[in-house]
Student: 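The following block contains the structure, expressed as structure tokens.
Positions are given from 1, in the same order as the sequence printed here.
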Amino acid sequence: MTQEKKTFYITTPIYYPSGKFHIGTAYTTVASDAIARYKRLKGYDVRFLTGMDEHGQKIQEKAQENNKEPQVYVDEIAEAAKQVWKIMDISYDDFIRTTEKRHTDAVEKIFQRFLDNGDIYKGEYEGNYCTPCESFFTEKQLVDGNCPDCGRPVKKVKEESYFFNMKKYADRLLAYYDQNPGFIEPESRKNEMINNFIKPGLEDLSVSRTSFDWGIKVPGDPKHVIYVWVDALSNYITALGYGSEDNSKFATYWPADVHVVGKDIVRFHTIYWPIFLMALDLPLPKKVFAHGFIMMKDGKMSKSKGNVVYPEMLVERYGLDATRYFLLRELPFGSDGVFSPESFVERTNYDLANDLGNLLNRTISMINKYFDGSIPVEQAVETEFDKTLHELFEETKQKVEDNMEKMQFSIVLSDIWAFISRTNKYIDETQPWVLAKEEADRGKLASVMVHLAESLRITAILVQPFLTKNPTEILRQLGLSEKDLSWDGLNAFHGIPQGTKVIEKGVPIFPRLDVEEETAYIREQMQGGAAPAPKEEEKEQAPEVEEISIDDFMKVDLRVATVTACEPVPKTSKLLKLQLDLGYEQRQVVSGIAEHYKPRDLIGKKVIVVANLKPVKLRGELSQGMILAGSKNGYLTLAEVDQKLENGAQVK
């Protein structure tokens, strides 16, 4: 019999669809994705859940502001959210929406069970309500009369409501905290919950509203809608089929191994949610990890301040891996961190371009120069520096595994980059350019090349949870394939077969950025904020395009060409330099398609070229024409022609 895989269930919060997702939302999701990817590499059966919390007064009001029905409004936001997660390469297994029938049916059953068990009673609520936070607060909890979470004004509310008897479970919850010291992390969050909310006396929780109707109706009392936290928090089990005819996923994956949340919603996940589960006689999640906020130098991100950063902008200009790396390297997970354009560009230049990118380029270049592009087959002779590199590899592997379990992502990346830095230093220590001068040192030179290649192979494996594109590219340049990215490949230092051919010329995986130019660009994008969404009736309107005559069109000379070579243009993440065979001549064209195509994927393609376009220089590179492509909603595809059509053929 085959041994069953260990399971791992991880969740993000289900995000509120009140606007476009910024890098704060991306931070939570990328962090969760990193641990999910790591656990898969370690052989776990992973279930990774994200989604949207789509009910409540705030959503109803937002929809009205946009002259839309609430369902139409949240449908659009959900599609936009999925597109962002696709851009960020988030490997979620399920996207739960609280408007889905699988969820609403189960929530009705959960609420009914609370009623049947006597955990819920009807009364009247009078208190302070914050609409953006969907939360009630006592006078003592207010800060200068405002919401203690978001700082906005609260409203005095008085209405009939169902209440959940929280006091009934308070002692049991404290006992659970004591018996499970790792349940809330960081530790400071647990102390905050105990001292600020439980010890002063846990208030019974209002779990229904009558002042709006956008939500799940209370069974048997439809003038009430189920209040957001019973509705929203239940997603973690309804997404697994709890309360449905098929609860096989629930039986497999519950309890959750970790709920990843922001520090602003700790109370709901570590007080209300555990109590709801106790009332349902269900196991509690093993851990709730509450991270800090991404702050700007002038405080929280805000459109009014002009300091909002959207992940799509960073990915489009600097690449996915640079964006993911910065989020998890710069910001200590669990604490607040600061984003600045300068720090983003510096991390990209120093860590990615200088340390990792340069190590790969130097290694490929030296293997080609000294061993005709093959991993040496000569008898390696150990140098005096080899042992320390081996030892650091073993230490790094152990540190990475230990700190991934603790979700200390910035420390993990720091340890990996210490290994990369040590490998760069190893080049300076061994001085292969000196060893190459003496035939007697041929064995040592072989050992150096093997150690450099192996260090890059190891690095590619270690960074996979964080960088999702370049590990494959590193191995491709080393002559290896994606199958060589298995975590088991870390069991030994030597994993590249002798004689393996590396590529003839290394391709920079992280071009250096112009600090002044790129920090200015990011600031400009921050000031611009999000473009307003088009109105519904505008979406189907054809764009206004100036008409031209057939004579004007006939002036354009379109020709068929084959891409014979392609490489990135230095100091930009958007441009590729293509060499084209037009049959009657060779041309170079620079095209802004680097986010959509890898250079190797373009070689051999038949494309259409505007052949009579006046040559220009782009980033110092001559461009003799333009290749045709189509784009919409962030997707771009080259216009291609049948391979049988000869180069130079005119397209009419």
Side-chain angles (χ1 to χ4, degrees), residues 11-16 24-25 27-28 31-32 53 127-130 132-152 154 164 166-206 227-230 232-233 236 255-278 284-295 299-301 331-338 406-410:
T11 70
T12 71
I14 51 172
Y15 302 112
Y16 216 51
T25 315
Y27 177 49
T28 311
S32 302
D53 171 14
N128 305 291
Y129 181 67
C130 177
C133 294
E134 298 276 9
S135 300
F136 289 101
F137 297 98
T138 65
E139 290 293 337
K140 290 182 180 179
Q141 291 171 329
L142 298 180
V143 177
D144 297 327
N146 295 323
C147 172
D149 289 341
C150 72
R152 296 181 178 92
V154 295
F164 191 101
M166 289 281 159
K167 298 182 182 71
K168 176 179 173 182
Y169 295 92
D171 290 342
R172 184 174 166 187
L173 181 62
L174 282 173
Y176 187 83
Y177 286 175
D178 289 339
Q179 295 160 11
N180 299 273
F183 174 59
I184 305 174
E185 290 190 6
E187 178 79 12
S188 58
R189 310 285 185 221
K190 181 176 77 173
N191 299 333
E192 181 186 340
M193 294 304 104
I194 294 172
N195 296 326
N196 294 358
F197 297 100
I198 301 177
K199 282 188 175 180
L202 198 55
E203 298 283 336
D204 287 350
L205 180 68
S206 173
Y227 181 50
V228 66
W229 290 109
V230 173
L233 290 165
Y236 301 125
D257 289 87
V258 59
H259 292 319
V260 179
V261 301
K263 66 179 184 179
D264 55 331
I265 53 175
V266 177
R267 178 170 82 256
F268 312 109
H269 285 80
T270 60
I271 297 178
Y272 303 159
W273 180 226
I275 286 177
F276 292 158
L277 291 168
M278 289 174 181
L284 273 58
K286 299 172 186 176
K287 186 185 299 295
V288 177
F289 197 109
H291 64 75
F293 292 150
I294 296 181
M295 307 295 288
K300 285 187 176 182
M301 279 185 283
L331 311 169
F333 201 63
S335 305
D336 289 346
V338 176
K406 299 173 185 175
M407 300 180 68
Q408 294 299 315
F409 305 118
S410 61

Student: Which residues pass the side-chain hydrogen bond (donor to acceptor under 3.5 Å, both in side chains) test with S410, sequence neighbours left out?
Tutor: none
Student: Taking the side chain from D53 and the backbone from I14, do they hold a donor-acceptor pair closer than 3.5 Å?
Tutor: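 No, the answer is negative, given that no donor and acceptor are paired below the 3.5 Å cut-off.
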Student: State the CE-OG distance between M407 and S32, to the nearest 0.5 angstrom.
Tutor: 6.0 Å
Student: Can you measure from CG (D257) to NZ (K286) and round to the nearest 0.5 angstrom?
Tutor: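 D257 CG to K286 NZ: 4.0 Å, rounded to 0.5 Å.
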Student: Determine the minimum heavy-atom distance between A290 and P186, stating which atoms define it.
Tutor: O-CD, 3.2 Å
Student: To the nearest 0.5 Å, how far apart are OG1 in T28 and CD1 in I294?
Tutor: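 Nearest 0.5 Å value for the OG1-CD1 distance: 7.5 Å.
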Student: Mind listing the closest non-hydrogen atom pair of N146 and R152 along with its distance?
Tutor: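 Looking at all heavy atoms of both residues, the closest pair is CB-O, 3.4 Å.
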Student: Can you list everything that forms a side-chain hydrogen bond (donor to acceptor under 3.5 Å, both in side chains) with Y27? Sequence neighbours excluded, please.
Tutor: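 If we apply the side-chain hydrogen bond (donor to acceptor under 3.5 Å, both in side chains) test to Y27, skipping adjacent residues, there are no hits.
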Student: What pairs with D336 under side-chain contact (heavy atoms from CB on, under 4.5 Å), at least two apart in sequence or on another chain?
Tutor: K263, F293, M295
Student: Return the minimal non-hydrogen interatomic distance between V154 and G145, and the atom names on each side.
Tutor: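 Answer, listing the atom of V154 first, then G145: CG2-O, 3.7 Å.
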Student: Using the test side-chain contact (heavy atoms from CB on, under 4.5 Å), find all partners of E185 that sit at least two apart in sequence or belong to another chain.
Tutor: K287, F289
Student: Under the salt bridge (Lys or Arg N to Asp or Glu O under 4.0 Å) definition, can you give me all pairs with a residue in residues 171-184, not counting sequence neighbours?
Tutor: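 Matches after skipping sequence neighbours: none remain.
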Student: So how far is it from Y169 OH to I271 CD1, rounded to the nearest 0.5 Å?
Tutor: 16.0 Å
Student: Run the side-chain contact (heavy atoms from CB on, under 4.5 Å) check on F276 and M166 step by step: do they pass?
Tutor: CA-CA 9 Å; F276 292 158; M166 289 281 159; 3.6 Å; yes
Student: With a 4.5 Å cut-off on side-chain heavy atoms, are I275 and L202 touching?
Tutor: yes
Student: Test of understanding: with salt bridge (charged side-chain N to carboxylate O under 4.0 Å, His left out), list the residues that count as partners of K406, not counting sequence neighbours.
Tutor: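 In terms of salt bridge (charged side-chain N to carboxylate O under 4.0 Å, His left out), with neighbours along the sequence ignored, K406 is linked to no residue.
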Student: Would you say that P274 contacts Y176 through its side chain, given a criterion of any heavy-atom pair below 4.5 Å between the two side chains?
Tutor: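 Side chain of P274 against side chain of Y176, heavy atoms only: no contact under 4.5 Å found.
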Student: Taking only residues two or more places apart in sequence, or in another chain, which ones meet P200 in a side-chain contact (heavy atoms from CB on, under 4.5 Å)?
Tutor: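 side-chain contact (heavy atoms from CB on, under 4.5 Å) list for P200, sorted by chain: empty.
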Student: Atom CD1 of I198 and atom CD of E203: how far apart are they, to the nearest 0.5 Å?
Tutor: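 Between I198 CD1 and E203 CD, I get 13.0 Å after rounding to 0.5 Å.
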Student: Can you sort out the partners of K167 under salt bridge (charged side-chain N to carboxylate O under 4.0 Å, His left out), two or more places apart, ordered by chain and number?
Tutor: D204
Student: For P13 versus G262, what's the shortest heavy-atom pair and its separation?
Tutor: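 Reported closest heavy-atom pair: CG-N, 4.4 Å.
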Student: With E187, which residues qualify under side-chain contact (heavy atoms from CB on, under 4.5 Å), at least two apart?
Tutor: K190, N191
Student: Quick one: pull up CG in L205 and CZ in F164 and give me the separation to the nearest 0.5 Å.
Tutor: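 So the gap between those two atoms works out to 8.5 Å.
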Student: Please name all residues satisfying ring pair (Phe, Tyr, Trp, His ring centres under 6.0 Å) with H269, sequence neighbours left out, ordered by chain then number.
Tutor: Y236
Student: Return the set of residues passing ring pair (Phe, Tyr, Trp, His ring centres under 6.0 Å) with F268 (not counting sequence neighbours), or none when no residue passes.
Tutor: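 Result, ring pair (Phe, Tyr, Trp, His ring centres under 6.0 Å) vs F268: W229, Y272.
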Student: Looking at residues at least two apart in the chain, or sitting in another chain, which of them share a ring pair (Phe, Tyr, Trp, His ring centres under 6.0 Å) with F409?
Tutor: F333
